[in-house]
Student: 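First the structure, then my questions, so here it is.
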Amino acid sequence: MAVGKSVPMLDSVARVTGTVPYPSNLKLPDMLVGKIFRSRVPHAHVMKLDVSAAERLPGVVAIVTAADFAGDDKPNLHFGSPIQDQPIVAGDRIRYIGEPLALIAAESAAVADQAMDLIELEYEELSAVFDAEQAMLPGAPILHEASPDNIVRHSKLRRGDIDAGFAAADEIVEEVFSSPMAQQASLETHVATARWKEGKLTVWTGSQSPYTVRRVLGAIFDLDLENVRVIVPPLGGGFGGKGNVRIQPMAAALAWKVGNRPVKLMMTRAEEFVTVTKHAAKIMIKSGVKFDGTFTAREVSIYWNGGAYASSSAHLVPAGMLRAIGPYRIPAVHVDSYGIYTNLPIAAAYRGAMSSQGVFAHESHMDTIAHLLGIDPLELRTKNLLRTDDLFATGERLHDIHFVECLEAAAYGLGWHEPLQSDNGTIKKRGRGLAVMMKNTIANSYSECRIELDAEGRVTLFVSTVEMGQGGHTALAQIAAEALGVPIEVLAVTGPDTAETPPDAQTASSRSTHMMGNAVLDGAASLRQQLAEAAAPILEWSPDDLSVADGYVFVTTQPQARIPYTEVLGRNNIDALTATGKYSTNEGKLDPDTGQGISTPDWHQGAGACEVEVDTQTGKVTVLRYHSASFAGRVVNPTLAGLQNDGNVIFGMGASLLEEVAIDGGQITNPNLSDYMLPSFLDTPVELKNVSLEEEGSSFQGIGEMTLPPVAPAIANAIYDAVGARIRDLPLTAEKVLRGIQGRTDHER
Amino acid sequence: MSFELLQPDSLPGALKALAQHGDEAKVLAGGTAIVLMLQQKLIAPTVLVSVGRIPDLAYIRSEPDGIHVGPLTTLRDMERSLVIQTHFPLLAQASGEVGNIRVRNQATLGGNLAEADYASDPPTALLALGTQVTATSLRGERTIPLEDFLIGFYTTDLEPDELITDVFIPASAPGSRTTYLKYRSRSSEDRPCACVAAIAAFEAETCTDLRVAVGAASEVPQRLPAVENLARGQALTDELIGEIAAGYADNIDTLEDIRGSAWYRTQMIRIHVVRALEELRNGRR
Amino acid sequence: MKIEGSFTLEAPIRTVWDYLLNIEEMSQCIPGVSALETIDTKSYRGELQIKVGPIKAAFGGTVTLLELEPPHRLVAEIVADDRRNASQVKATFTSILKSLADGTEVTYTIDANVRGRLAQFGQAVAQSTAKKMAAAFGSCMQEKIDAGETA
């Protein structure tokens, strides 16, 4: 049984010996270097862009500007999935600092840099807006004339009688929480290499969405999709930032203009900060509760700062609406989720997309209510947590629900009810906090794979699942190995390559092990059927009487009458058997006016509990112990699952305590990893434990994100428990905590 | 980024190159700071003078009145030096707190001082120790007390044609107790938000000499002799420690950056001076 | 970023105001300013060199007087580019003059956007550089006023 075993990652040796063929290492013969000339102003009309002097510089091969897209026979300037409002390079309008205006292909980076200095830009600056709420006010600068209110998307949820709910409440609690712009900060920055040959476009890129990239590039260049090939080598991290379409159109446009040589475009760390970011969000949350802790109503308003173009905001805003409510029984719920254009770089998915902002709000809010009512925070939650067969705020009936088990696993693991180590009146105070999350996954989704068994017994799995360090390929190999009854050693996984590997929606939202895992099961079943059919004439039994397992086809009633797979192929003179596996989910549609309907085929469920120590003189927070739990259904690889859970906690500690993109007048002032602070391994809790909950008969559930969103509220709640300071504004910096301690009025310990 | 790289193999050769190119030249030692500035295109020198091939500039030499440290000595070597650990433990401590081990293996003492980054550990420790910097040019040699050497943000008293050729750290009074406290407001590998280096000599309970330098909170690390003198001939009571800490907190014009506001830094100076002096009083050497 | 500060000059408010508006004289007191030329009565073109340690910036740009409320308040807009550092400063400079018993207090607020590479250099450095320049400006103005009085 390969499933359930901690086999090493398939490419573990390559990872530790530095031989993983990351897309940033790609070198092709005659390859040119691509560089981007960017805007320094946040909002302007372009009066003149003159690249002629730069074009004349020896070593410069081509320069692309918006002028190259003028004309019916030219590629489309604008792209975007699903709203096509983003130009590949800005034309007559600049909308953020760092927006690409011209693309340079040159023999070397030094030449491209020199060319950059020769580009003449004249513009007329316009007033700009950087704050999402201000952008919605009448009279605010308008980014896109098609959206005069600067709203990308407004999602609504209306359930129950909200006024009656608040009227029935004993207490009404209203709070405002905010999360800053942050960076996905993959170790490998965005990279794309493009080549045109005989009317066909090939792109090698670090992307979580190869088939989306193919579709969008096909639309830009008006190509049949078989003429666009997208190859995705293993990524040095994705974390949502490499979903959708990012720099690939620029690389492709450069290669298109160059004609016969490949062009490689790779972001510097500073450029990474203007390529994609995490949505800053402001969340107002208001709840009505009875003295006994029963909820009567909840109202939530969310303002997502989407940056200058719609990009992923268009489909993430409704997801963010669902993820800010909380997994609780509340009879009346109203939510308004606004995605808003501002003069900032675009915002998109960030591991557990649109969850951590909302979970920080509703889980901090739960503790405020618990303290107000004098109810233990764990008890208030377990009393109200949704169970299987309950109705969610969308009106859909829930299945396979384990919020209580997740939360209790984390809380009891930490020792929630055990006495805290005494402070003894010292300057360091300890406290505990916990939090839980629920997240819908991508609905109406599709995954497909191809499995090939050759005459020597080797199995190759062709998938468009992206390997980005999460171990996705290893998990799929384990599932295939078990389903085919072969040892993991004969498995190889290849892809994504849109010319070779079948379509898959994307590697995101913890969907691959679940969706592609089920596609692999389907493909393996089909392959076993083929084996049975091919073996039937040899064994002289009907295929229906045969079983396929452990490397043999055998007669079900006489297991000793068996032949190995290799012999089945060999005696039939078959070089290889190939099967296709598919899995799709068709559920998922919400009414746009009420948010009622079915939102997701499955629910992501996770929780966390921690103990912190706060230095009351400096405000510095040390997370001493952290226990996380996620619902995994059935664990494919315990070690890799544990690393996902723990990795989420460390990743989340950065966003909770340290990370914030600093912006001054639209200019990012900390676009480097010295000033933008990521956690160090020295910051990890001394005790870091996790559990992946399984259930008899359950299938594989994704676990790539579930333990991340609870981290910030768990820590914030623990800080409150320790020193009585409620911080509602991420990150929870030492200075904010110290100000909170000094300004505290309540909760003396 | 285009510059000429010179790699002189002698001190006179390097000084000649600096004299010739003046302000257009920059010195490359460990490269941990200057390569970042070059990559970020914040500086654009026409000539880079690498001093790595000059012999005999990396040393830690003990003499009766103190130690001489060569400018090409790496921070890692200082952190691990037995002589420094034994006689100047706070310097070993401060050197060992810089960045991470990869940076410390590369960064040099001379480069660290010449860069004059306000958010760095060694200058504060060296200031408390009464360090003197020797600068050499074709015009001759001069010795500059560190408090005069560090002028402002990334600014030193060095002339464009001068190279640091020696760093002298005078011996502290026998039996002195020392400490270096680095306060990081963010991750464990961050630069300091504020740092305190302190040295005290005692006769029984009486403090006979106190030196306190506070760094990373203002343009250059600061010593306040008038405040230090409050301790002379006194027992370090809680009240006196509080008074000295307040003296530092109130008299340093703190800066604001991504690691903390000016207000916050003032608080951190007060708290960390208290913690440092308590540590000295309570007997840590 | 916002930079605020003040200095005091030993001269009556009217004298200070007149000196401030004598752009040619006044600009000589701003360290690093050169090649100042008048575009019209309200706008000027010039160059400004700033050096912080090894980092040098050479800005070229315009100053436009937006609001004048003699002798109390002056608002100017500065837009300047540094080509080598691919950076730009766009700033609104507000100066308020207040009569004191023995002179005039000049309070200034600079609301500046630093864009491009120099932006990551940080507020601390910008703030301190601006304050040093203001202090040098103040003492230079005092000298000019004193010289003017004796002349």
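Values below: every heavy atom of this structure, side chains too, minus hydrogens, waters and symmetry copies.
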Student: Between B:Arg191, B:Gln40, B:Arg184, who has the most heavy-atom pairs with chain A when the cutoff is under 4.5 Å?
Tutor: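 Highest number of pairs under 4.5 Å: B:Arg184.
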Student: Check step by step if side chain to side chain contact (heavy atoms under 4.5 Å, CB included) holds for B:Arg186 and A:Leu657.
Tutor: CA-CA 8 Å; B:Arg186 305 190 299 171; A:Leu657 296 164; over 6 Å; no
Student: Taking atom CG of A:Leu187 as the centre, does the number of heavy atoms from other residues, nucleotides or ligands within less than 6.0 Å exceed 12?
Tutor: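 No, because the 6.0 Å sphere around CG of A:Leu187 holds 12 heavy atoms or fewer from other groups.
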Student: Heavy-atom count check: over 12 atoms from other residues, nucleotides or ligands less than 6.0 Å from A:Arg728 CZ?
Tutor: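 Count over threshold, so yes.
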Student: Which value, rounded to the nearest 0.5 Å, describes the distance between B:Asp190 atom CG and A:Asp675 atom CG?
Tutor: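 Spacing of CG (B:Asp190) from CG (A:Asp675) equals 8.5 Å.
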Student: Can you tell me how far the OG atom of B:Ser185 sits from the CG atom of A:Leu658, to the nearest 0.5 Å?
Tutor: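 B:Ser185 atom OG to A:Leu658 atom CG measures 9.0 Å (nearest 0.5 Å).
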Student: Of the backbone (N, CA, C, O) and the side chain (C-beta and beyond), which part of B:Arg270 lies under 4.5 Å from a heavy atom of chain A, both, or neither?
Tutor: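 Neither part; nothing is under 4.5 Å.
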Student: Among residues at least two apart in sequence or on other chains, which ones pass ring-ring contact (aromatic ring centres under 6.0 Å, His included) with B:His272?
Tutor: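 Expected list: B:Tyr183.
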Student: Under a 4.5 Å heavy-atom cut-off, does chain B meet the side chain of A:Thr733, its backbone, both or neither?
Tutor: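 Looking at A:Thr733, nothing touches chain B.
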Student: For the residue pair A:Gln617 and B:Ile271, what are the closest heavy atoms and their distance?
Tutor: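 Result for this residue pair: O-CD1, 3.0 Å.
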Student: So what's closer than 4.5 Å to chain B heavy atoms on A:Asp117: side chain, backbone, both or neither?
Tutor: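 It is neither, since no heavy atom gets under 4.5 Å.
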Student: Output the residues of residues 248-269 of chain B for which the shortest heavy-atom distance to chain A is under 4.5 Å, in residue-number order; output 'none' if no such residue exists.
Tutor: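 Only B:Ile258, B:Arg259, B:Gly260, B:Ser261, B:Trp263, B:Tyr264, B:Gln267, B:Met268 of residues 248-269 of chain B have a heavy atom under 4.5 Å from chain A.
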Student: Is there a side-chain contact between B:Ser187 and A:Pro679, using heavy atoms and a 4.5 Å cut-off?
Tutor: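 The answer is no, as the side chains (C-beta and beyond) never meet within the 4.5 Å cut-off.
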Student: Within the distance-only criterion (no hydrogens, no angle test), does the side chain of A:Asp683 pair as donor or acceptor with the backbone N or O of B:Ser188 below 3.5 angstrom?
Tutor: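 Indeed, once roles are kept as given, a pair shorter than 3.5 Å links the two residues.
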Student: Taking every heavy-atom pair that is under 4.5 Å apart, which of A:Leu678, A:Asn670, A:Asp615 has the most such pairs with chain B?
Tutor: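 Between A:Leu678, A:Asn670, A:Asp615, the count favours A:Asp615.
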Student: So which part of A:Thr669 gets closer than 4.5 Å to some heavy atom of chain B, the side chain, the backbone, both or neither?
Tutor: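 Contact with chain B is absent: no heavy atom of A:Thr669 under 4.5 Å.
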